[in-house]
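What follows is a short report on a single structure.
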Amino acid sequence: MPSGVPLIVFLTGNLGCKMAKLSLKNIKKSFGSTEVLKNISLDVEDGEFISLVGQSGCGKSTLLRIIAGLEAQDAGDILIDGAPMNGREPKDRNIAMVFQDYALYPHMSVGENMSMPLIMARLPMHARLPGIRHFTPAHRREKPGIDADVEKVAKQLRIEHLLQRKPAQLSGGQRQRVALGRALVRNPKVFLMDEPLSNLDAKLRVEVRSEITELHASSGLTFIYVTHDQTEAMTMSDRVALMQDGAFLQVGAPNDLYANPANIDVAKFIGSPEINMIKGAVTSDQVSIGNVALPIALDAPFNGAVQIGIRPEAITINGVPGLAFANQSERTIQMSFNKRLVEDLGPEVLIHGALAVEPNRSIRIRAQKSQNYGERELFASTSQLDVQIDPSSLLFFDPSGKRISSKLKIPTHNNPVELVGAA
Amino acid sequence: MSAMASLMQSKQTRLAYMLVMPAAVLILVIYILPIIIVFFVSLTDYSLVSDYYEFVGMENYEKMFSDEAFGNALVNTLIYAAIFLPAAFIVSLVLAIAIQEQKQFRSVLEVLFFLPVTSTLAAMAIVWAALMDSGQGVINHVIVSIGLEKINFLGSEDLVLFSLAIISLWSIIGFNMVLFLAGLTSIPQNLYEAAAIDGASHPIDKFFRVTWPMLGPTTMFVAVTTSITAFKLFDTVAIVTQGGPDHASEVFLYLAFLEGFEYFNMGYSSALSLFFLCIIFTFALVQAFFADRNVQY
C-alpha cells in the first residue's frame, strides 16, 4: 500500500458493538524546524494489531504520543470510531498506553498502580483527596468494585500474588505485566505500546512477545505497537507500517513487506540477517550480474545500473554434504562464492563471503543443516563454493531505490542459463 | 591457608582503621570533645571572668526548669517556629512548582529567589530593621500611602516574632526552593504522562498522586533542615531586637548567649546549650529514621 494516501473513514452507525476504528488523516508535526511527521495517514481496523516500526528518530514514537494525546499534532485529524480526538485529553480518548520503561508509580503497590485509572474514572475529586477520601460515601461505594476489577485483570495476567508489592520488588517481566494490567483494567478501545519489550532480556522478550500476541487475540482490542525491532513487528502484527524520516515507506502484512518491498530501504530493514545487495546492469532488456546474464524480464523498460537484492536464504550451496540444497532447477543461476567465515546458528549456518563476480561486496548465505551435518573440515578446507541462486527470488531496485517488478523469462531451450567466465 | 587469610584480613582491618582515622579524629576534636567539655562546665558554676569554679551537680538543670526566662524563651522559640516552619515549607514548594513550569525565565527567577541566600544575614538584618522601622521605614510609608495605619513591626510584643519570621523567610525560601526544584526535576516525566493516560490530569490529582509522594525524600530533608534553622534563630535577634521588646523576642539561643556572655553564668549557659543540642539531635534522628524509609525507587 502506498503511503500518504488519505483513506476513507468508515462511520459505523452500530453503537451497540464496541468498535474501535482508528483513523489518522494527514498528521503533521514539527519540533522547531525539524519536520518529524510529514503528512501521515493511516486507517487501523477494529481489532487489528498494527506495528509502527523504524529506526530511532523516524517519528514512530511521536506518532504514538500524538495518538495518545500526550503530544499535539500541528495539522491533521485523529478519529476514533469517526469521532475527532483533536485537542481531547488522553483520558477522554478511551486509549491505554504501555510505556517503554513501564512508568509504574514507584510509591504505590501493584494493586494501587492498577487501580489508578479506575479511581480516576469512577471517583469524584473530593473522594480522591488524601486523608478525607476514606470517609466519603463515593469511596466506600466504589472501592469494592475497583478492587474486584483489579483482581480480575491481575488473575488474567497471573500477577494476583504480587498485588501488595512495590514495583521496586518486581522483576522486569513482572513489571511489564503490571504495566499491561494497568492499561487493561480500564477496558480501553485502543491499546498503545511504546517499545514494551526493549527493557527485557532476550529470552524473556520472546516469551512476552507471544503473551502479547495471545492477549491481543483474547481481548480483541485494537493494538498499536511501536518498535525498532523488525522481528517483533513481523512476528506479532497483522500489518506493519514501516516508517522513515517521518513518513511511511510501506504499510502491509508482514510477508508483503518481506517478499514485496516497495523500495530498497524496506528490503534492507525487514529480514534478519539483512538482505544482500549486489550490483547489476540492464542493457537492451538483458539483466546481468557481472557477465552473468539473468533469466529475468523487468516489467518496466529500464537501462543502466540496478541494485539487486538477494535474501540470504535464496542462495543455496552445491555439493557440501550436511547442507540442504535446492533442487537443481533449470533456471537457477550458478555462481562461484568465496567463503570468509561460517557461523553456526544451531539449525542452520550463516556463511559470510563474497560472490566471485563482485568480490568487494559482502554476502551472507543462510543454509539449513541436514542430518549428516558435522563435516566442518570440508568448510575449513575449501574457501571456494559453488552456489546457486533462485532467480525468482531476486528483487530489483532502480538507482533511486525504488522497486522494479520483474518476472522470469520463459527459457527458449532446455539448457540452464550459461555461467560465462565466472572464476 | 586459613592463617594466610586471617593475616590478610587483619592487614586489611588495620588499613581500614588508618583510612578512617583522620575523619574520626576531626569529628572527635570538633564535635565530641566540645560536647563533653560543655557537659562538664554545665555541672559547675564556672563564669567567664574568673578561674575559680565549683562543681554544683545538677543545680544548673534544676534552675533551668524553674527559670521563668527559660520558659519564656522556649515558648517564644516554639511560636516563632510555628510561624516560620509552615511558611518556609509551603511558600518555597509553591514557588518551586510555579518556577518549574516556567520555560522562559526559569533560570532568571531561580537566581533572583536564590540571591538572599548568598547575602550575609547579619548585614541584611540591619537593612530589614531600617525597612521595618516604625517611624522612617519604607514599608510603613507604603502602608500609610495606601491609607492604612502604621504597623510597629519590631516594637510590638505581638508582632515582633512575625517580623523576625519574615526576615528569616526571605533569607531561606530561595534555598528551600532550590532543594524542591532539584526534587521536582528528578521526578521522571513519564510518570506524569502515565498519570495523564490514567486520568490524573487535574493539577490537584497530579500533585497528590505523583508530585507529593515522589518528593518524599526532599520533603523530609527540607522539613528537618528548616526545623533546625528555626530553632537556631539568633543573629537577627541579636542585631535587630536584642530580645526586646520586654523579652518578647528572647528566643532560646539568644537566652543561652545572654546567660553566658552578658551575665557570665557559663555553667547555666552550658546547661541550656546541652538542652538545645538534645532538641536538634531529636530532629536529626527523625530524619535519619524516616528519610531512608521514604525513598521508594
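The analysis underlying the following values was restricted to heavy atoms, covering all of them including side chains, and did not include hydrogens, waters or symmetry mates. Sequence lines set the chain letters: A, B, ... in the order given, protein chains first and strands last, and positions in each chain run from 1.
With rounding to the nearest 0.5 angstrom, the NE2 atom of His202(B) is 4.0 Å from the CE atom of Met125(A). Once rounded to the nearest 0.5 Å, the distance linking CG of Asp205(B) with CG of Leu129(A) reads 8.0 Å. Within the model, atoms CZ of Phe99(A) and CD of Glu193(B) stand 5.5 Å from one another, a figure rounded to the nearest 0.5 Å. Summarising the geometry, atom CZ belonging to Arg128(A) is positioned 7.0 Å from atom CZ belonging to Arg209(B); distances are rounded to the nearest 0.5 Å.
Within a 6.0 Å radius of CZ in Phe162(B), no more than 12 heavy atoms belonging to other residues, nucleotides or ligands are found. Around atom CD of Glu157(B), more than 12 heavy atoms belonging to other residues, nucleotides or ligands sit under 6.0 Å away. Atom CZ of Phe175(B) has 12 or fewer heavy atoms from other residues, nucleotides or ligands within 6.0 Å.
For the set Pro117(A), Ala179(A), Pro90(A), the count of heavy-atom pairs under 4.5 angstrom toward chain B peaks at Pro117(A). By number of non-hydrogen pairs under 4.5 angstrom with chain A, the leading residue of Ala195(B), Ala194(B), Ser201(B) is Ala194(B). Note on Met97(A), Glu112(A), Arg93(A): by heavy-atom pairs under 4.5 Å with chain B, the leading option is Met97(A). Ranking Ile95(A), Asp101(A), Val185(A), Leu70(A) against chain B, the residue ahead of the rest is Leu70(A), based on heavy-atom pairs under 4.5 Å.
A pairwise comparison of heavy atoms in Ile197(B) and Ala96(A) identifies CG2-CA, 4.3 Å as the closest pair.
Using a 4.5 Å cut-off on side-chain heavy atoms (C-beta onward), Ile119(A) and Asp198(B) make no contact.
A donor-acceptor pair is defined here as one N or O able to donate and one able to accept, closer than 3.5 Å; no such pair exists between the side chain of His107(A) and the backbone of Val210(B).
Proximity to chain B is limited to the side chain of Arg186(A), based on heavy atoms less than 4.5 angstrom apart. With a 4.5 Å cut-off on non-hydrogen atoms, Asp92(A) does not touch chain B at all. With a 4.5 Å cut-off on non-hydrogen atoms, Arg65(A) touches chain B through its side chain but not through its backbone.
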